[in-house]
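Heads up, the thing below is written out as structure tokens.
Only a predicted model underlies this, so the values are computations on that prediction, with no experimental measurement involved.
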Amino acid sequence: MDTSTRRQATRQKLYEAAVTLIAEKGFSSTTVDEIAERAGVAKGTVYYNFKSKTELFEELLRHGVGLLTASLKAAADESAARGGTKVEALDGMIRAGLVFIDRYPAFTQLYVAELWRTNRAWQSTLLVVRQEAVAVVETVLREGIEAGELHEEIDIPLTAAALVGMVLVAALDWQAFQSERSLDDVHAALSRLLYGRVSGR
């Protein structure tokens, strides 16, 4: 394993340790010592990779939302490669979002909680990475309007934010209060919302 691969693996361990600890105890109560211990590395390793706990958390947010953005984009690209409609691409993105949240529940809880805090050092980073994820959805909505699949009066930024928000909040609700339901079941319910069949028409 070369140095950069080893460093990535170490960072991944630190991200996983930090996200679970911070989700359990909160940012202020989590120490660098605890992150190092949970990751199974020396405390110096944390400071070798990140200047501070705040920088570690900022990079964690970038890393996690980057993974979400990549999975949304992959779902859209996969649908396009199959010749699917833009609405099918959006449906694929809803599923990709649910799969991501199912895989990284602690990160998702943390991300959603941090979105509403305004006094954090990483607020500007968070807004940038959030916009990157939402922009992937905006692109598909714009293409759907251009293709005549979606109504041209759709408010693209708000609709994209609403779709991302729907997936995040519905998935957290699923995990916290309806965990007996399958991912397929939750996806089907959100899919019906997307296709506008809530009214029964």
Side-chain angles (χ1 to χ4, degrees), residues 57-58 60-82 84-178 181 183-201:
F57 191 62
E58 194 165 345
L60 166 66
L61 289 170
R62 265 188 214 281
H63 175 73
V65 182
L67 290 176
L68 172 61
T69 302
S71 68
L72 294 176
K73 187 162 182 356
D77 291 347
E78 197 181 303
S79 176
R82 281 199 319 269
T85 65
K86 296 304 170 188
V87 175
E88 285 168 345
L90 291 167
D91 193 37
M93 292 163 97
I94 287 173
R95 185 176 186 86
L98 290 173
V99 168
F100 174 87
I101 293 159
D102 191 41
R103 189 171 172 194
Y104 304 108
F107 174 79
T108 307
Q109 286 170 354
L110 210 51
Y111 170 68
V112 171
E114 289 301 320
L115 273 177
W116 307 112
R117 298 187 204 276
T118 53
N119 59 344
R120 300 295 214 190
W122 48 79
Q123 189 67 20
S124 58
T125 296
L126 192 58
L127 294 176
V128 168
V129 293
R130 174 208 163 271
Q131 186 49 41
E132 286 169 4
V134 172
V136 178
V137 184
E138 286 180 354
T139 298
V140 176
L141 288 170
R142 198 171 290 110
E143 289 168 352
I145 292 167
E146 286 164 6
E149 277 185 54
L150 300 170
H151 201 284
E152 61 189 24
E153 287 179 11
I154 282 176
D155 182 321
I156 292 173
L158 203 54
T159 304
L163 283 167
V164 172
M166 172 183 80
V167 174
L168 285 170
V169 176
L172 289 176
D173 190 88
W174 159 43
Q175 293 186 331
F177 306 114
Q178 307 179 55
R181 298 179 70 160
L183 193 148
D184 286 342
D185 188 24
V186 176
H187 175 224
L190 298 187
S191 192
R192 279 192 285 279
L193 278 173
L194 174 68
Y195 283 95
R197 294 208 298 268
V198 177
S199 65
R201 289 179 192 159

- Okay, side chain of Ser71, backbone of Leu68: is any donor-acceptor separation there less than 3.5 Å?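 Yes, because the side chain of Ser71 sits within donor-acceptor range (under 3.5 Å) of the backbone of Leu68.
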- Query: Just by distance, do the side chain of Thr139 and the backbone of Ala135 share a donor-acceptor pair under 3.5 Å?
  - Reply: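 Between the backbone of Ala135 and the side chain of Thr139 there is a qualifying donor-acceptor contact (under 3.5 Å).
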Under 4.5 Å between any side-chain heavy atoms of [X] and [Y], yes or no?
X: Met93; Y: Val164; value: no
X: Glu114; Y: Trp122; value: yes
X: Asp102; Y: Trp174; value: yes
X: Glu143; Y: Leu150; value: no
X: Leu110; Y: Phe57; value: yes
X: Leu194; Y: Met166; value: no
X: Ile94; Y: Leu193; value: no
X: Lys86; Y: Ile145; value: no

Give me the atom names and distance for the closest heavy-atom approach of [X] to [Y].
X: Ala133; Y: Val65; value: CB-CG1, 4.2 Å
X: Gly97; Y: Leu72; value: N-CD2, 4.2 Å
X: Val140; Y: Ala89; value: CG1-CB, 3.9 Å
X: Asp91; Y: Ser191; value: OD1-OG, 2.9 Å
X: Thr108; Y: Tyr104; value: OG1-O, 2.9 Å
X: Ala171; Y: Ile101; value: CB-CG2, 3.5 Å

- Message: Please determine whether a side-chain nitrogen of the Lys or Arg among Glu78 and Arg82 lies less than 4.0 Å from a carboxylate oxygen of the Asp or Glu.
- Response: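 Between Arg82 and Glu78 there is a salt bridge, with a charged N closer than 4.0 Å to a carboxylate O.
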Gap separating the [atom1] atom of [X] from the [atom2] atom of [Y], nearest 0.5 angstrom:
X: Glu138; Y: Leu163; atom1: CD; atom2: CG; value: 11.0 Å
X: Ile156; Y: Leu141; atom1: CD1; atom2: CG; value: 6.5 Å
X: Leu168; Y: Leu98; atom1: CG; atom2: CG; value: 9.5 Å
X: Gln123; Y: Glu58; atom1: CD; atom2: CD; value: 11.0 Å
X: Arg181; Y: Asp173; atom1: CZ; atom2: CG; value: 9.5 Å
X: Leu183; Y: Arg95; atom1: CG; atom2: CZ; value: 5.0 Å

- Look at the rings of Tyr111 and Phe107 and say which category their plane angle falls in: under 30° parallel, 30 to 60° tilted, over 60° perpendicular.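 It falls in the parallel class, under 30°.
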- Message: Testing Leu126, Thr125, Leu67 one by one against Arg62 for a side chain to side chain contact (heavy atoms under 4.5 Å, CB included), which residue passes?
- Response: Thr125
